[in-house]
There are 2 protein chains.
Amino acid sequence: MSERQTSDPTAALRLLWGEHPEPRRGPRRGLDLGRIVAAAVELADEEGERGLSMRGVASRLGIGTASLYTYVPSRTELTALMLDAIVAEAPLPEDLPGTWRERIEAWARRDWAMFRARPWALRLTERPLLGPNLLAWYESALRALSENGLSPVENASVIESVDAYVQGVARLTADQEENRAGGDEPWDARHRAYIARRVDFSAYPLWAEAAVGDALGGPADHFESGLRMLLDGVEADVRRRSERRD
Amino acid sequence: MSERQTSDPTAALRLLWGEHPEPRRGPRRGLDLGRIVAAAVELADEEGERGLSMRGVASRLGIGTASLYTYVPSRTELTALMLDAIVAEAPLPEDLPGTWRERIEAWARRDWAMFRARPWALRLTERPLLGPNLLAWYESALRALSENGLSPVENASVIESVDAYVQGVARLTADQEENRAGGDEPWDARHRAYIARRVDFSAYPLWAEAAVGDALGGPADHFESGLRMLLDGVEADVRRRSERRD
DNA sequence: TAGAAACATCGAACAGCGTTCGGAGTACTT
DNA sequence: AAGTACTCCGAACGCTGTTCGATGTTTCTA
């Protein structure tokens, strides 16, 4: 471990924004950043966050581990590049027809889909390094909301709430799903079995009732219902503010 | 690294629920689980999640690292015990007077305060091992909502949405704050400086507008406004369902 | 009471991690 | 042709969680 305590984001930002000072001497580089980031994403897709390592990325590229560090100052920068890369993969719902609510819903669902497809990305968001694609992603959310009458500053707050909700649900379901996966007798089944055997249900009557019939709707339904509630609240807020302005 | 792939939660659950088979032979134990968990929590409070290590906990207790493993099968179980322990520290808002909405708000704020005080706890929630305190915490949320007319199954969905939101915002602000901290010239300032120098603001007009006046309200205000919107939506949902039932 | 069994403790080691160092080779500049 | 700046990378450092085996301690059994 001991990921270096990078107190300077400049190196990462330079890579994100494509500042590569062409070297004047020495042999040609065998690779470029794009290939490296692509390999890292592939590795994370296959092995998950646990399997993502500098050694793994290097060996997948057929180079020595130390060579990676001639392209990227540290793991922090690599993960930032990975995040900015996968954010760019799906098209942004910028100019969709419809209401601002439909557009921000599409924006939220896009993120939800990304985190569902790549749960490992949830662990890569710790250092919010603003790359060009992340910035475009953010701008697209502001544009989606732009006709609701709120100021960009107010809408930034809305976006952060929606983002927090999306990432929160994505994390909860990812953790849950990881526990359901696994060998012949899965983790989750054993967990339930122990609880059922050991816990006095009458001490937790409401939980007992909720736990019995928990088979209604998968994570997708759940995500949608929470998103609907959150955006209902946003809509009410928008109405309230516009009335106050009249 | 390489936290063991515990495919069996039984050991952790046994510890959480207080099943300690008294040993019949051998020397007395020098410590008990409570002391160990308390030391681990102290260490995490002081050093953060990065500084939490089995070696660190052991040396804080004045024992060898290997001895820790006679009390706890692995790090996974220790973190589960830590989470269950800190969840129990603040009183649950079970029988507060007021509406269901006021009660669930208090419940959400309690969590928010916990994650603000102990950001490291956000990284310990990966394996949702149900201990007695976590179960009581969940039951208290169901009880808070119990008078809203929804079934426990429906309310479980509401709770998960609120929980996801709380953890999501807590994580975003924790990450943000960690970046603002640090030496003389903080990370965040350098980040802004680079972006301001390098990025063409006219390509991201709304973001530019939002980024200028971002000094209105700290994370607490932001948390409250999002929570209010989410619960406005829940309230609307409750009304809708109760109308449908009439 | 002696011996065996079961336990606690822990130094040392293992495998894996991110990262750094120093040397070898390569291509461009002067 | 010499020098320089670069790429590449095996080996190592310090860290992590975890395991092994030896040693000591207590208690139960014969």
Side-chain angles (χ1 to χ4, degrees), chain A residues 1-8 11-12 20-33 35-36 40 43-44 47-82 120 123-124 126-127, chain B residues 1-8 11-12 20-33 35-36 40 43-44 47-82 120 123-124 126-127:
Chain A
M1 260 282 133
S2 98
E3 204 163 311
R4 201 185 52 189
Q5 198 66 358
T6 35
S7 64
D8 195 346
H20 315 117
E22 289 292 318
R24 313 239 155 259
R25 293 221 226 302
R28 294 259 153 67
R29 319 211 73 175
L31 294 163
D32 58 87
L33 263 188
R35 296 260 305 269
I36 289 170
L43 180 58
E47 312 275 355
E49 198 248 348
R50 281 242 182 68
L52 178 67
S53 70
M54 299 299 270
R55 281 171 175 82
V57 174
S59 91
R60 173 175 279 262
L61 290 161
I63 63 173
T65 309
S67 305
L68 253 190
Y69 286 84
T70 64
Y71 293 89
V72 154
S74 83
R75 191 189 208 268
T76 305
E77 283 77 15
L78 179 56
T79 53
L81 288 164
M82 289 170 72
W120 49 264
R123 326 257 168 196
L124 264 49
E126 303 184 14
R127 296 248 155 186
Chain B
M1 260 279 129
S2 98
E3 204 163 310
R4 202 187 50 191
Q5 196 67 356
T6 36
S7 64
D8 194 345
H20 316 117
E22 289 293 316
R24 313 237 154 262
R25 291 218 228 306
R28 294 257 154 68
R29 320 212 72 175
L31 295 164
D32 57 86
L33 263 187
R35 298 260 304 272
I36 290 170
L43 180 59
E47 312 276 355
E49 199 247 348
R50 281 243 179 69
L52 177 67
S53 72
M54 298 300 269
R55 279 171 177 83
V57 174
S59 90
R60 172 175 280 261
L61 290 161
I63 63 174
T65 309
S67 305
L68 253 190
Y69 286 83
T70 67
Y71 292 88
V72 153
S74 85
R75 191 187 207 271
T76 306
E77 282 77 15
L78 179 56
T79 54
L81 288 164
M82 290 170 72
W120 49 264
R123 325 259 168 195
L124 264 49
E126 302 183 15
R127 294 247 156 187

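By convention in this document, chain letters (A, B, ...) are assigned in the order of the sequence lines, proteins followed by strands, and residues within each chain are numbered from 1.
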Dump the intermediate steps for side-chain contact (heavy atoms from CB on, under 4.5 Å) on A/H20 and A/D32, then the final yes or no. CA-CA 10 Å; A/H20 315 117; A/D32 58 87; over 6 Å; no

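No option in A/L52, A/L43, A/V57 other than A/L52 meets the side-chain contact (heavy atoms from CB on, under 4.5 Å) test with A/M82. None of B/I36, B/L61, B/L78 except one satisfies the side-chain contact (heavy atoms from CB on, under 4.5 Å) rule with B/Y71; the exception is B/I36.
Straight-line distance from the CZ atom of A/R50 to the C1' atom of D/dT18: 14 Å, rounded to whole Å. The separation between B/L78 atom CG and D/dT16 atom C1' is 15 Å, rounded to whole Å. In this structure, CD of A/E22 is placed 15 Å from C1' of C/dA27, rounded to the nearest angstrom. Rounded to whole Å, the distance from CE on B/M54 to P on D/dG14 is 23 Å. If you take CD of A/E49 and P of C/dG18, they are 10 Å apart, rounded to a whole angstrom. Note: CD1 (B/I36) to C1' (C/dT9) measures 12 Å, nearest angstrom. D/dG17 atom P lies 14 Å from atom CD of B/E77, rounded to whole Å. Atom OH in B/Y69 sits about 18 Å away from atom P in C/dA12, given to the nearest Å.
End-to-end axis angle of the helix from C/dT1-D/dA30 to C/dT30-D/dA1, using five pairs per end and rounding to 10°, comes to 20°.
The phosphate of C/dG18 (OP1 or OP2) has no side-chain N or O of A/S74 nearer than 4.0 angstrom.
One finds the OG1 atom of A/T65 at 8.5 Å from the CE atom of A/M54 (value rounded to the nearest 0.5 Å). Between atom CG of residue A/L81 and atom CG of residue A/L124 there is a gap of 10.5 Å, rounded to the nearest 0.5 Å.
B/L52 comes within 4.0 angstrom of sugar-phosphate atoms only, judged by non-hydrogen atoms across all strands, and of no base.
Contact detail for B/A58 and B/G64: the closest heavy-atom pair is CB-O, 3.7 Å.
Around CZ of B/R35, the count of heavy atoms belonging to other residues, nucleotides or ligands within 6.0 Å does not exceed 12.
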Whether each nucleotide of nucleotides 4-10 of chain D has a protein heavy atom under 4.0 Å at its base (B), only at its sugar-phosphate (S) or at neither (-) is summarised, 5' to 3', as BBBSSBB

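Salt bridge present: B/R123 and A/E126 bring a charged side-chain N and a carboxylate O closer than 4.0 Å.
At a cut-off of 3.5 angstrom, the base of D/dG17 holds at least one donor-acceptor pair with the side chain of B/R55.
B/T79 and B/R127 are not linked by any side-chain donor-acceptor pair at a separation below 3.5 angstrom, with hydrogens and angles left out of the test.
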